[in-house]
Amino acid sequence: MYKIIIRPILFWFDPEQVHHFTFAAIRFLSKIPAMSWFFKQLYAVEDKRLEREVFGLKFKNPVGLAAGFDKDAKLYKELSHFGFGFIEIGTLTPKAQDGNPKKRLFRLKEDSAIINRMGFNNGGVDAAVLRLQRNNGVLIGGNIGKNKLTLNEEATSDYEYCFAALYDHVDYFVVNVSSPNTPNLRALQEKEPLTALLQTLQNQNKAMSKQKPILLKIAPDLSDEQLLDIIDIVAETQIAGVIATNTTISREGLQSENQSEMGGLSGKPLTKRATEVIRFLSEKSNKAFPIIGVGGIHTVEDAIEKLEAGASLLQLYTGFIYEGPALIKAINKQLLKNN
């Protein structure tokens with residue numbers, strides 16, 4: 001029903017307006033008695049065989065929602081009813097910021113893709129914490145970044161602030177230095193500044209009563225040499241794992257007219273490259289750390305391919321928008337068949 005009726009209607013309208021409309025619709029429907037139960041019955045697959053224990057956490061299934069969809073932790077409970085095993089919120093920054101000027105979100109229908117240049121628009125980490133205090137059982141990842149006006153030399157303090165604010169309210173952290181939509185952010189992916197940033201957060205983590213897993217989200221545009229640096233950095237800082245990958249700045253092979261829009265590209269064009277990065281990291285590190293695979297998962301086959309390449313968990317974003325929540329169910333059903 002989603003792909004035949006709902007998606008064609010939604011795709012007539014501006015993507016960012018549709019996003020807000022969809023949030024409002026899901027929130028409204030979830031308040032109707034038994035509607036949350038209905039969503040679970042329709043999409044959720046409950047089976048112990050789907051459970052995964054990764055970096056010390058137990059996931060009820062390996063299919064999660066990637067950061068960027070529920071930036072401000074406004075809908076994580078309702079979204080979990082669609083069958084996700086975990087929800088990643090953010091990217092959150094210390095101070096609220098509007099992000100980049102609109103229009104900043106574009107569908108590439110011919111390519112089953114999206115270009116966004118949102119720019120870490122969010123209401124600030126402290127506002128999200130108030131909503132997370134109402135969490136009752138949803139496994140949450142907290143994706144953190146720096147404010148646009150914060151200089152790279154001072155970026156570490158932004159990440160430290162977000163870490164401290166979210167520590168009691170998320171199950172794992174994701175350090176985002178790979179978005180192409182905040183000026184100079186990707187410079188923090190270079191070996192020296194990245195090692196220093198992650199080590200500072202790990203020191204902050206070790207000072208807490210219980211350490212939380214810290215993951216690094218990387219760009220798909222890194223060279224093999226840079227990916228080898230990532231493996232070294234993970235080993236040196238002892239962070240819990242890597243999320244591969246964020247959006248790409250590549251436009252290779254696109255068919256859509258609006259392909260020249262600035263921003264990060266996600267969706268089907270990223271499928272192959274994201275899987276290549278996962279396989280490279282897994283093989284070259286000898287599976288030394290868990291990888292969450294994300295990027296271009298639009299079919300069950302895409303999901304299985306990433307798991308076989310070395311991913312321990314998966315995340316959806318653009319595939320969720322194009323294929324609908326039935327994709328989550330289909331992946332989990334196939335995993336049970338393969339069990």
Side-chain angles (χ1 to χ4, degrees), residues 15-16 19 66-73 88-106 113-128 141-166 170 173-198 200-201 214-222 226 229-230 233 242-251 260-267 270 274 277 294-295 315 317-318:
E16 190 166 352
H19 182 81
F69 197 86
D70 189 11
K71 291 176 180 288
D72 288 298
E88 191 172 307
I89 61 160
T91 297
L92 291 166
T93 56
K95 298 176 182 177
Q97 58 182 27
D98 292 332
N100 293 321
K102 299 177 182 178
K103 188 176 179 181
R104 54 192 182 180
L105 189 62
F106 308 88
I114 289 173
I115 290 175
N116 92 82
R117 51 172 181 262
M118 304 300 288
F120 288 174
N121 58 307
N122 72 105
V125 68
D126 294 319
N143 189 302
I144 58 177
K146 79 173 188 71
N147 280 112
K148 181 178 181 179
L149 297 180
T150 302
L151 299 176
N152 277 9
E153 294 78 12
E154 301 167 0
T156 299
S157 61
D158 276 15
Y159 288 92
E160 288 180 286
Y161 185 95
C162 291
F163 184 92
L166 286 171
V170 300
F173 286 91
V174 179
V175 177
N176 189 352
V177 291
S178 53
S179 169
N181 301 316
T182 294
N184 301 318
L185 181 70
R186 285 191 169 192
L188 294 175
Q189 289 185 121
E190 296 301 323
K191 191 170 186 178
E192 185 176 340
L194 184 54
T195 302
L197 169 60
L198 293 175
T200 299
L201 290 176
I214 297 176
L215 288 84
L216 172 67
K217 189 164 188 175
I218 64 171
D221 309 306
L222 298 180
Q226 289 173 309
D229 284 344
I230 295 296
I233 291 168
V242 169
I243 297 185
T245 63
N246 211 322
T247 57
T248 180
I249 56 175
S250 170
R251 297 294 186 268
S260 60
E261 292 289 348
M262 296 293 292
L265 174 75
S266 61
L270 192 53
V277 171
V294 55
Q315 288 181 333
Y317 186 99
T318 305

Are any of the side-chain heavy atoms of Arg251 and Ser260 separated by less than 4.5 Å? no
Value rounded to 0.5 Å, distance of CG in Asn147 from SG in Cys162: 7.5 Å
Pick out which of Leu188, Ile218, Ile230 makes a side-chain contact (heavy atoms from CB on, under 4.5 Å) with Leu194. Ile230
Main chain of Leu201, side chain of Glu160: is a donor-acceptor contact present, judged purely on distance under 3.5 Å? no
Ring pair (Phe, Tyr, Trp, His ring centres under 6.0 Å) involving Tyr317 - partner list, sequence neighbours excluded: Phe69
Which value, rounded to the nearest 0.5 Å, describes the distance between Gln97 atom CD and Asn121 atom CG? 8.0 Å
Closest heavy-atom contact between Lys146 and Thr182? NZ-CG2, 4.1 Å
Side-chain donor/acceptor of Asn116 to backbone N/O of Met118, under 3.5 Å: yes
Tell me yes or no: between the side chains of Gln315 and Glu88, is some donor less than 3.5 Å from an acceptor? yes
Considering non-hydrogen atoms only, spot the tightest contact between Thr91 and Gly145 and give its length. CG2-N, 3.5 Å
For Asp158, check salt bridge (Lys or Arg N to Asp or Glu O under 4.0 Å) against everything at least two apart and list the hits. none
Neighbour count >12 (heavy atoms, 6.0 Å) for atom NZ, Lys95: no
Nearest heavy-atom pair of Ile89 and Ala67: which atoms, and what distance? O-CB, 4.0 Å
So, do Leu92 and Leu166 sit near enough that their side-chain heavy atoms are less than 4.5 Å apart? yes
What one should report as the nearest heavy-atom pair of Ala219 and Gln189 is N-OE1, 3.2 Å
Answer yes when Glu261 and Arg117 have at least one side-chain N-carboxylate O distance shorter than 4.0 Å, and no when they do not. yes
Can you tell me if Asn122 and Thr93 form a side-chain donor-acceptor pair at under 3.5 Å? yes
Using distance alone, with no hydrogens and no angle criterion, decide if Asn181 and Asn100 have a side-chain donor and acceptor under 3.5 Å apart. no
What are the two closest heavy atoms between Pro94 and Tyr161, and how far apart are they? CB-CD2, 3.8 Å
Of the options Ile243, Asn143, Leu215, Leu198, which is the one that meets Val175 in a side-chain contact (heavy atoms from CB on, under 4.5 Å)? Leu198
Any side-chain heavy-atom pair of Ile233 and Lys191 under 4.5 Å: yes
Yes or no on side chain to side chain contact (heavy atoms under 4.5 Å, CB included) for Phe106 and Ile114, after CA distance, side-chain angles and deciding distance? CA-CA 6 Å; Phe106 308 88; Ile114 289 173; over 6 Å; no
Donor-acceptor check, side chain of Gln226 to backbone of Glu190, threshold 3.5 angstrom: yes or no? no
Between Pro180 and Gly264, the two heavy atoms sitting closest are CG-CA, 3.7 Å
Using 0.5 Å steps for rounding, measure from the CG atom of Asp229 to the OG1 atom of Thr195. 8.0 Å
After noting the C-alpha distance and the side-chain angles of Glu16 and Lys103, does the key distance pass the side chain to side chain contact (heavy atoms under 4.5 Å, CB included) rule? CA-CA 8 Å; Glu16 190 166 352; Lys103 188 176 179 181; over 6 Å; no
Using the side chain to side chain donor-acceptor pair (under 3.5 Å) definition, which of the options Asn246, Asp221, Thr247, Thr248 pairs with Ser178? Asn246
Going by ring pair (Phe, Tyr, Trp, His ring centres under 6.0 Å), name the residues that satisfy it together with Tyr159, two or more places apart in sequence or in a different chain. none
Mark yes or no for whether Asn176, through its side chain, and Ser179, through its backbone, hold a donor-acceptor pair below 3.5 Å. yes
Under the side chain to side chain contact (heavy atoms under 4.5 Å, CB included) criterion, do Leu270 and Thr318 qualify, and how do the steps go? CA-CA 10 Å; Leu270 192 53; Thr318 305; over 6 Å; no
